[in-house]
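Below is one structure, written out as structure tokens, with a few remarks after it.
Remember, it's a predicted structure, so these values are computed and weren't measured experimentally. Reminder, nothing fancy here: chain letters follow the sequence lines and each chain counts from 1.
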Amino acid sequence: MPDRYGRPPRGVRPTPDRDSKDWWDRLAGHEFTVQRCDTCHTDRFPARAFCPACRTERWHWEAVSPEGTVESWIVNRRPFMPGSTEPYVVVLVRLAAVPGCLIHGGWDGDLEPEYGQAVQGVYADMGDDLALLNWRPAE
Amino acid sequence: MAKRLLEFRDRTAVVGVGYTPFTKDSGVSTLTLACRAIMAALDDAGLGPGDVEGLATHRVGDSAAPSLVGPALGMADPTWYLDQFGGGSVSHAVVAQAALAVAAGVAETVVCYRAINARSEFRMGGTGRRLPVSPEVQYQAPYGYFAPPQQYAMYANAHMQKYGTKAEHFGRLAVTQRANAVKNPRALMRTPITLDDYLASRWIAEPFRLLDCCLETDGACALVVTTAERARSLRRPPVLISGAAWGGGDSHLSGGRADPTTTAAAALAPRLYAQAGLGPADIDVAELYDCFTYSVIVQLEDYGFCAKGEGGPYVASGATALDGALPVNTHGGFLSEGYVHGINHIAEAVSQLRGDAGDRQVAGAEVALSTAQPGYILPATSALLLRKG
Ligand SMILES: [Zn+2]
């Protein structure tokens, strides 16, 4: 493993769709949300109209703590997009609040991630109207 | 099991195979590549364009459509065509759907093809490529993550962490497939490699090195599908389509398939085997989608050739070599022959069952499994079971 990590490419902004725009707006305000089904209360991520558990459409955003465990990670050693400095880490996190849901993010730790490691989300502001969610070892 | 799928067993056959050379720069359009591979496949079958009633392909915005290819070969009025959107996960579905059309009598003879300039024009591995259009990309690309080698490296590491799969297992797979490619005149990479060569190859995205990744290739391949009845009167030994299956479901980002070390193939495999009346022990040759080394290891497990988590040691045991219990990717696979997005696996399976695979022929091969991208990235996969006619 390298002594220190670089950074993913700057300036690759997400392109929200009509289901997810509110999610990104809330993340920009440092609120991490999932969709909670109003009928059967199943949580889901990422954003989409129907609850796959009960096939109904009524739901609301539910703020949850961005916590989880490391499911996997990679160390990027070549540029996949312009503007990155290698090596940089992308981590796959199993969300504590939503059983069965995985989320990708940047890595904010000094050491290599570990399988099953408890992690917490860190908001990374990318301007006034956008934040990304990176992950670091839980305290 | 849908009853009609059992009736479909052995009703259709692959009767012709055609290729263009595999290169890093074809110098011609994908339309030209498609026409050349189709003409070669028809010639192999002893047929001409006038015998073709249907055309089928899949694309990701990177190749010539059937509506262009048909007229270019003087097929003025195809009675059936399929222009499937999708990548490697639907490669086998295209042939399956052609076989369904033939079995239903919609078209007696169909040509399936895939033509790509995946090195010189549209680099599948991500270099210089526009972001794919998929809702899930928004949650990945801002972190510098979107290319297939990154995605597969992520799944591979999950498998390494959970089951103890090692770099040496991936390496043994790459070395074994290269040894097969050495015996394949079509293969792009015909210089033998060692485990040390593998371990010394440069990092792409840890845990993947260069030699974990398939070859971005310019080339085309085509297959002629017709009824089993007609196949008996044609000049090549027929290869029967005994089973064809589609699989899908949730992606790893939607909560429905929360274990990234298992693929959609695990759900598809029992349906495929039941449809063909065959099981893993009946398979003599397996051509398993190898966009990356790891995808073979997870499929060896999900198609039931070894226990879950044992794919790495299974490869290291030598079982997948040409002289092993289950020869895998006998042509060298996408890692060493070339990458035509799936169809060249089916073509190699046909060669093995005909017995015309030359120095890499598996003696007495009667049943072959050929598989598509196993359902990572987008939740879809497909596979064929083929049998010597
Ligand atoms: Zn619900």
Inset, instruction - Using a cut-off of under 4.5 Å on heavy-atom pairs, state which of A:V98, A:N134, A:L133, A:D19 scores highest against chain B. - result: A:L133
Legend entry - Side-chain donor-acceptor contact under 3.5 Å, B:T293 with B:D212: yes
Legend entry - Side chain, backbone, both or neither of A:A47 within contact of chain B (heavy atoms, under 4.5 Å): both
Legend entry - B:S91 versus B:H341, side-chain donor and acceptor atoms under 3.5 Å: no
Legend entry - Donor + acceptor pair across side chains of B:Q299, B:T371 (<3.5 Å): yes
Legend entry - Residue pair A:Q35 / A:D43, side-chain donor-acceptor N/O under 3.5 Å: no
Inset, instruction - Please determine, among A:I74, A:V90, A:V12, A:T15, the option with the most heavy-atom pairs under 4.5 Å with chain B. - result: A:I74
Inset, instruction - Give the member of A:S84, A:G105, A:G106 that has the highest number of heavy-atom pairs under 4.5 Å with chain B. - result: A:G105
Legend entry - Top contributor to chain B interface from A:L95, A:L132, A:T42 [non-hydrogen pairs under 4.5 Å]: A:L132
Inset, instruction - Heavy atoms only, distances under 4.5 angstrom: which of A:E114, A:E86, A:M126, A:R94 has the most pairs with chain B? Name it, please. - result: A:R94
Legend entry - Short side-chain donor-acceptor distance under 3.5 Å, B:Y152 and B:Q373: yes
Legend entry - Sidechain N-carboxylate O distance under 4.0 Å for A:D129, A:R13: yes
Legend entry - Heavy-atom proximity to chain B below 4.5 Å, by part of A:W107: neither
Inset, instruction - Tell me, for A:V70 versus chain B, whether the close heavy atoms (under 4.5 Å) come from the side chain, the backbone, both or neither. - result: neither
